[in-house]
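Below is one structure, written out as structure tokens; comments come after it.
Both ligands and their constituent atoms are indexed starting at 1 by order of listing.
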Amino acid sequence: MATASLPVSVPVTGESPRSVLTAADVAVYRHQGFLHTPGILTTAEAEDLRGRFLIATGKAQNLAGDSGPTMFDQFVNLWQQTDPTLLDLALHPRMRAAALSLAGEPLRVWHDHLLVKRAKNGVPTEWHQDQPYWPHANSAGALSAWVALVDVPQIRGCMSYIPGSHRHTGLDAQNLGDATDLFRRCPELQWQTSITVPVKAGDVVWHHARTAHRAEANRSDTDRVVVSVIYMPQTTTYTGAPHICTEGRNYQVGALLTGDAFPAL
Ligand SMILES: O=C(O)CCC(=O)C(=O)O
């Protein structure tokens with residue numbers, strides 16, 4: 001979404017000019033807590049990545065298990081599990097440039113995950129904020145890039161966001177399977193209008209880690225294939241709470257989340 005011509009200076013080299021966000025883009029993101037950026041990837045790049053990510057699922061762990069229709073099949077960090085080249089998406093020059101502009105501070109990759117909502121799965125992903133799920137402190141600027149690797153119109157399970165909800169910083173984790181949980185925890189959010197964002201393959205929708213979002217069920221007969229890439233500030237420290245991405249890595253409470261598992265941008 002480029003609505004003004006003033007480019008924001010981006011502290012990386014090698015990015016294509018098409019990825020440079022405007023000051024207006026960054027202001028919109030900071031104000032509403034999300035931003036749609038069409039065409040961050042070309043359709044050819046999206047198609048290539050879709051094939052490579054899906055091949056990589058072959059021998060990888062699906063956190064959804066295999067118990068019938070699910071919210072989504074979920075494969076975390078396929079670049080660590082089966083194909084190291086898949087880290088290319090998180091570190092893609094246009095992704096890096098946009099992420100750094102939006103956050104306005106140095107970042108690391110927290111993790112990525114391939115999220116496949118199967119055709120006609122019938123299960124939405126209900127309203128939630130991401131941050132309460134993560135064992136993070138000192139990470140106020142964390143953000144996600146929801147990268148469409150197929151077209152995702154409304155019937156295929158695109159996302160909706162509640163503008164301004166990223167300012168609600170004290171909420172506990174909300175249940176992704178319960179449409180009312182977020183609103184029980186924060187009743188004032190039920191009076192706000194959400195915005196639904198259908199996307200084309202190669203588009204990215206960025207959201208702040210506290211922005212409330214949901215995805216509709218997939219009512220189409222095509223799988224919805226997206227990758228959510230999550231970036232965290234380089235100041236992020238470990239709270240000690242359990243998480244699949246810190247498991248077995250011996251971080252002490254209060255330690256900076258650094259190292260090969262969390263590549264710097
Ligand atoms: O794609 C979905 O169904 C949910 C994605 C999500 O919650 C996220 O990327 O934070």
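- For W206 and H36, the gap between ring centers reaches or exceeds 6.0 Å.
- Residues that satisfy the ring pair (Phe, Tyr, Trp, His ring centres under 6.0 Å) test with H111, not counting sequence neighbours, are H113, H243.
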Less than 3.5 Å apart, N/O on ligand 1 and N/O on the protein: could you list those pairs with the distances?
residue	atom	partner	partner atom	Å
ligand 1	1 (O)	W146	NE1	3.0
ligand 1	1 (O)	R224	NH1	2.9
ligand 1	1 (O)	R224	NH2	2.9
ligand 1	3 (O)	T125	OG1	2.7
ligand 1	3 (O)	R224	NH1	3.2
ligand 1	3 (O)	R224	NH2	3.3
ligand 1	7 (O)	H128	NE2	3.0
ligand 1	7 (O)	H213	NE2	3.0
ligand 1	9 (O)	S228	OG	2.8
ligand 1	10 (O)	D130	OD1	3.2
ligand 1	10 (O)	D130	OD2	3.1
ligand 1	10 (O)	H213	NE2	3.0

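- Taking Y161 as the reference, F34, H207 meet the ring pair (Phe, Tyr, Trp, His ring centres under 6.0 Å) condition, with sequence neighbours excluded.
- D181 meets the salt bridge (Lys or Arg N to Asp or Glu O under 4.0 Å) test with R184, R185; sequence neighbours excluded.
- Sparse packing is recorded around CD of E47, with 12 or fewer heavy atoms of other residues, nucleotides or ligands lying under 6.0 Å away.
- Ring geometry, F262 versus Y251: the interplanar angle falls from 30° to 60°, so the pair is classed tilted.
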